[in-house]
2 protein chains.
Amino acid sequence: MSMTQQEADFASRIEADFVQNPVYTGVEQAILEQRLPPGTRLAETDLAEFYGVSRTIVRSGLQALAHSHLVTLRPNRGASVANPSPREAREVFEARELLEPRSAREAALHANRSDIRALRRHAQEEHDAMSRNESGRALRLSGRFHVMIAQIANQRTIAGMIENLVSRSSLIIALYWTRSSTRCDESCHNALIDAIERNDADEAEELMRSHLVELHSALRFDVTDTSNLTLKDMLSQ
Amino acid sequence: MSMTQQEADFASRIEADFVQNPVYTGVEQAILEQRLPPGTRLAETDLAEFYGVSRTIVRSGLQALAHSHLVTLRPNRGASVANPSPREAREVFEARELLEPRSAREAALHANRSDIRALRRHAQEEHDAMSRNESGRALRLSGRFHVMIAQIANQRTIAGMIENLVSRSSLIIALYWTRSSTRCDESCHNALIDAIERNDADEAEELMRSHLVELHSALRFDVTDTSNLTLKDMLSQ
DNA sequence: TTAATTGAAAACGTATACAATCCTGTAATC
DNA sequence: GATTACAGGATTGTATACGTTTTCAATTAA
């Protein structure tokens, strides 16, 4: 399969630049695995030393992360891991509830054998991570599962939006998650794969919708973790 | 109205960094007004000289524009104005058709007097630009109108997505637009404001939907304008 | 004439230097 | 004792230097 130059651009050219930035990939993965909690300060010199690059590369990576809403940049005050507000958290899940059920429907209509195999392999990896108590890795893989479905749906523009919303969900879960276990994920994801394999679009759409409502309802915005807030933050409320 | 630190972050902190980058704002506006056609090469030194800044600032601005899909970066080959493929064009309009009717509905439910005044003032500016034959400015203002509605809808996350899709639409229109006049915009936008002012959610949603379908159907992907493509682009198809 | 080669100029990628700003701890003042 | 003023250090912002890659045109060979 050959692509036009335009198609190649559309597919990967923009991301390619950041994928090979060790700061971008490293910090992103650490955030998705909740090893870097919201609010953590990201000093340029520290990152430069850790990744063995100059501050030029660090700043480029941090700028890319800021565009993804994973990092907050404040002029003359540097970068820190984003600290999504209850409002932002609600909005991100509302947007997911709008976009992802339709993606699941389209995925059920488009998925081929190789897509199903990849989804089952991925679900197994997720399961393994959970049983080995690697909860950070499990969370990242769980998000990745949603992105895979969006990609199978064959609408790259919307898939990109979903990828971004899923990433931000890791921070939201770190701040507002109340349940102890994500056991729900495992059965939900398997049921979703089954529906997609059967090309049952209605069922896939409904399973995705209810899965997201389930996740959303497990967030508690009233019990805000204030440990990362300064006095000024609290006073300005 | 007071905001928490988190809320302030969410509202404007990330954008603030690029809004004061003259390369970002200047090139963005030029693209939205179609003064920079798709494929135009953006040499760092030229931009640095034009805006009177160092290449550091230029690269930062170009990186931000690449994230917005307005510019394409290719390693070791620099930046050029994005050249959206027919597929990307279709996807952008499909995404708009999914997001914007709902935004129009929500805007109809949330709009207050000051919102309506701002929309009418904006429509007047659009009209003036058209009658003065400033078609680039008119196109940018027309896109801005859609963003304003998304912002009134009070869902910033989705409004941000729509803002991005609207920006990309300027490039898509530059490449694939067939009709000579955008007369439709004027009456469509006025009818939309009327529906929003009446808080007629159903009507606003339907008007937005049909307006977007109208725009989408005026795109012709078979008559690709090849004047901006290099030989290599054409051969690799 | 065409195609391949090659070398200089231009452009990009990264590191670093220096300036501007912010932060923090100490001392002075009330 | 609490608050402010200030100095030094730390951190970020921007420009620039330099190495590497690409581009392009002149040259040469087929």
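Letters A, B, ... are given to chains in the order of the sequence lines, protein chains preceding strands, and every chain is numbered from 1.
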Worksheet item: For B:D46 and B:T56, take the nucleotide of DNA chain C holding the closest heavy atom to each; which residue's nucleotide lies nearer the 5' end?
Response: B:D46
Discussion item. Expressed as a whole number of angstroms, how long is the span from B:R77:CZ to C:dC12:P?
Written reply: 12 Å
Practice prompt. Send over the distance from B:N76 CG to C:dA10 P, rounded to a whole Å.
Written response: 18 Å
Worksheet item: Expressed in angstrom and rounded to an integer, what is the separation of A:L73 atom CG from C:dT21 atom P?
Response: 18 Å
Worksheet item: Any side-chain donor-acceptor pair under 3.5 Å between A:S170 and A:Q34?
Response: no
Worksheet item: Can you tell me how far C1' of D:dT21 sits from CZ of B:R74, to the nearest Å?
Response: 14 Å
Worksheet entry | Separation of D:dT16 C1' from B:I57 CD1 (nearest whole Å) | 13 Å
Discussion item. Rounded to whole Å, how long is the line connecting atom CG of B:N21 with atom C1' of D:dA15?
Written reply: 14 Å
Practice prompt. State which residues pass side chain to side chain contact (heavy atoms under 4.5 Å, CB included) with B:A111; sequence neighbours excluded, sorted by chain then number.
Written response: B:D115, B:I116, B:I152, B:I196
Worksheet entry | Selected nucleotide, minimal atom distance to A:R59 side chain, candidates D:dT22, D:dT12, D:dT16 | D:dT12
Practice prompt. Please find out if less than 6.0 Å separates the ring center of B:H189 from that of B:H122.
Written response: no
Fill in: Electrostatic pair B:E88-B:R168, nearest N-O below 4.0 angstrom
yes
Worksheet item: Tell me: CD of B:E49 to P of C:dC12, nearest whole Å?
Response: 13 Å
Worksheet item: Can a side chain N or O of B:S54 be found less than 4.0 Å away from OP1 or OP2 on D:dA15?
Response: yes
Item to complete: Taking only the side-chain nitrogens and oxygens of B:R41, find out if one of them lies under 4.0 Å from OP1 or OP2 of D:dT22.
Response: no
Worksheet item: So, does the side chain of A:R55 form a donor-acceptor pair with the base of D:dG13 at under 3.5 Å?
Response: yes
Discussion item. Rounding to an integer number of Å, can you tell me how far A:E44 CD sits from D:dT11 P?
Written reply: 10 Å
